[in-house]
Amino acid sequence: MISEVLKPNIQDLQKDVIDLLEQVSSLMNHASTALISDSAGKKYAEFEQQVNQEIDKVRNLELRMAIVAPMKAGKSTITNAIIGQEILPSRNAAMTTLPTEIIFDNNLTQPALYLNPQILTVFQETLLALRHRIDQMGIEQAQEKLAQYPHLAKIPKQIQQAVGLTIPGKSEGREKIIHTLTSLNDIVRVCSLLEPQADPLQYLMDVPRIHTQFWRSSQTNQQSENLGKLVIVDTPGPNEAGENLRLQGVVEEQLTKSSIVLMVLDFTQLKTEAAEKVKKDVDKVIELRGKDNLYVLINKVDQRRDGDMSPEQVQQFVAAEFNIGGSGDINRVFEISARQAFTSATFLTELQQGSGIKVTELKTVHSLAQEVFGIDWEEELEEATAEDLQRKAERLWKKSGFDQFLIGAINALMAEAAPRSIESALRITRAYLEELNNDVQLRSSAINEDEVKLKQEVTALEKDLQSLEECRNRLQEIDKIKANLYKQLEKILETIKQEAKQNLEAYFTEEEYQRADFIKKGGLASQNFF
């Protein structure tokens, strides 16, 4: 009874974590508002947004796993092999430009693609902008700009005539999903070449979501017991992004949003520039999420030949490059052949769904026959029975190494989706809080230092004020002295004026007396006498 009381309840834990994250979000909002005039204000506004994203993931108990790889490393093939059928479009040229989420739901009978209203609005506006741009430059010039992508040659005319590029909110079934996703990716690619200002990637707030059944769930019987959901995110590779800075930003954003990173490397090109670029992008996320959230797939090991790296050497390479691959990390590094896995998985899925159909009429039978029978596949296929082909497909599946990956990674992540989504949210939130704490301490230390300096400046200012007061008192004394001097000067000037007047009068009298004749002098003398 006591053990039942102490047993943690995932719903209660989920509620407590959401409450805690909401408090952290409010704290980040307060920090960004308080520092709105500071460069740090923008950083904390981004932290608030990311914490809110973590709240949504915990509320839905979603564990996001982003798949990243250089172009043509087999990323789409791997994703399709996990699903068990071809849903994500692929071609020889760069294909993925729009991240896509895949959510496993065993209650579905067929896969479905959902585009929310915001996505539909953005792409409708993009099509209008492209139509206006094509009308301005003309079809021929538009096609010249798209010459490096021959598969896009018909797109300008379709956009101009509004034919063949419908974007439904919901697409059910494999073929409709592929058509819709291909259209979306082609629109993004065309827009980046013809009208970069209208690039929809800068306006999208969400990405397309595919809900599908996990094809191996019938063997594992684990998905139905899981509380959480594993969300796989197909992202563009760095060399698919090219010089498109917005597309590079989308890749970084999806990596930041993801709790788990599944990195795919081509066995034949382990040390290329593109692989190094993927590693740099992943390192930023792993630094925040922790290396235990990194899984590595080495694809195309079916092309291993004598003299190539052995599985042990591949483990050493991964351990050196990503600091995983040791004895404790062995379940997070897998060698696979995605082509073999996809070929066998799609055949087994079609065989299971196509009961009553002749095996030679299955769409995937030729690919399987070419893989398992070699150069004599046509002759061997004529004599093979459904049981023979099923047995061959099962053997090819085991040989691909994909089963170990599904059991060791995908199934394990599905089983742990709920607690790991909560753990991931708490871990990243803790990192944000630590950064906020460090900033507060730095600012507090700076304030303390400024306080000491301010006190010193106040003391110096008080001394200056005292000196100024003394100077003011002296100036008052000087003013009094100056006033006295003015008074004395006025008296002296008055005396001088009187003396000067008398002297002048005496002078002119004497002068006039000297010039006068005798009789006049007598009169003057008489006047002076009287």
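For clarity, every value in this text was computed on a predicted model and none was experimentally measured.
With respect to Glu434 and Arg430, a salt bridge is recorded, a charged nitrogen being found less than 4.0 Å from a carboxylate O. Under a 4.0 Å N-O distance rule, the pair Lys176/Glu172 does not qualify as a salt bridge. Salt bridge annotation for Arg131-Glu195: absent, with no cationic side-chain nitrogen under 4.0 angstrom from a carboxylate oxygen. Between Lys291 and Asp283 there is no salt bridge, since no side-chain N of the basic residue sits under 4.0 Å from a carboxylate O of the acidic one. A salt bridge links Glu371 and Arg339; the closest N-O separation between the charged side-chain nitrogens and carboxylate oxygens is under 4.0 Å. Under a 4.0 Å N-O distance rule, the pair Glu175/Lys363 qualifies as a salt bridge. Of the charged side-chain nitrogens involved, none lies within less than 4.0 Å of a carboxylate oxygen, so that Arg305 and Asp308 do not count as a salt-bridged pair.
Scanning all heavy atoms of the two residues, the minimum distance from Leu436 to Leu27 falls at CD2-CD2, 3.6 Å. The shortest non-hydrogen separation linking Gln118 to Tyr203 is NE2-O, 2.8 Å. Heavy atoms only, all atoms of each residue included: Pro89 and Ser76 are closest at O-OG, 4.1 Å. Minimum interatomic distance between Cys191 and Pro200 (heavy atoms only, all atoms of both residues): SG-CD, 4.0 Å. A pairwise comparison of heavy atoms in Ser259 and Leu63 identifies CB-CD1, 3.7 Å as the closest pair. The shortest heavy-atom contact between Asp403 and Trp397 is OD1-NE1, 3.0 Å.
Under the 3.5 Å distance criterion, with hydrogens and angles disregarded, no donor-acceptor pair is assigned to the side chains of Thr100 and Asp234. For the residue pair Asp439 and Tyr44, a side-chain donor N or O sits within less than 3.5 Å of a side-chain acceptor on the partner. Between the side chains of Arg420 and Asn293, at least one donor N or O lies within less than 3.5 Å of an accepting N or O. Between the side chains of Glu86 and Asn80, no donor-acceptor pair is found at a separation under 3.5 Å. A donor-acceptor contact closer than 3.5 angstrom links the side chains of Asn116 and Asp206. The closest side-chain donor-acceptor pair between Thr349 and Gln85, if any, does not fall under 3.5 angstrom.
Within the model, atoms CG of Leu413 and CZ of Arg64 stand 14.0 Å from one another, a figure rounded to the nearest 0.5 Å. For the atom pair Lys399 NZ and Ser337 OG, the distance stands at 8.5 Å (nearest 0.5 Å).
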request  = Kindly determine whether Ile187 and Ile167 satisfy side chain to side chain contact (heavy atoms under 4.5 Å, CB included), including the steps that lead there.
outcome  = CA-CA 11 Å; Ile187 290 170; Ile167 306 175; 3.9 Å; yes
request  = Step by step, work out the side chain to side chain contact (heavy atoms under 4.5 Å, CB included) result for Ile78 and Phe402.
outcome  = CA-CA 9 Å; Ile78 289 169; Phe402 217 75; 4.0 Å; yes
Asp105/Gln213 under side chain to side chain contact (heavy atoms under 4.5 Å, CB included): CA gap, chis, key distance, verdict = CA-CA 5 Å; Asp105 185 352; Gln213 186 180 33; over 6 Å; no
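Using bins of under 30°, 30° to 60° and over 60° for the plane-to-plane angle, the ring pair Tyr114/His211 lands in the perpendicular bin. Taking the six-membered ring for Trp and thresholds of 30 and 60 degrees, Phe405 and Phe334 have ring planes more than 60 degrees apart, a perpendicular arrangement.
Of the options Lys57, Lys257, Lys229, a salt bridge (Lys or Arg N to Asp or Glu O under 4.0 Å) to Glu62 is made by Lys229 and by none of the others. A side-chain contact (heavy atoms from CB on, under 4.5 Å) with Asp186 is found for one member of Lys154, Gln158, His151 and no other, namely His151. Of the candidates Thr364, Val365, Leu368, Glu350 forms a side-chain contact (heavy atoms from CB on, under 4.5 Å) with just one, namely Thr364.
Asn29 places no side-chain N or O within 3.5 Å of a backbone atom of Ser25 that could act as its donor or acceptor partner. Ser344 contributes a side-chain N or O that, together with a main-chain N or O of Ala341, makes up a donor-acceptor pair within less than 3.5 Å. Looking only at distances, no side-chain donor or acceptor of Ser26 sits under 3.5 Å from a matching main-chain atom of Glu22. Proximity of a side-chain donor or acceptor of Ser258 to a complementary backbone N or O of Ile260 within less than 3.5 Å is not detected. Within the 3.5 Å criterion, the main-chain N or O of Asp199 finds a donor-acceptor partner in the side chain of Gln202. For the pair Glu54 (side chain) and Ile428 (backbone), a donor-acceptor distance under 3.5 Å is absent. Using modelled atom types, one side-chain atom of Thr346 and one backbone atom of Thr343 make a donor-acceptor pair closer than 3.5 Å.
For the pair Phe322 and Val333, the minimum side-chain heavy-atom distance is 4.5 Å or more. Using a 4.5 Å heavy-atom threshold, the side chains of Val233 and Met65 count as separate.
Taking a 6.0 Å sphere around CD of Glu140, one finds it holds 12 or fewer heavy atoms contributed by other residues, nucleotides or ligands.
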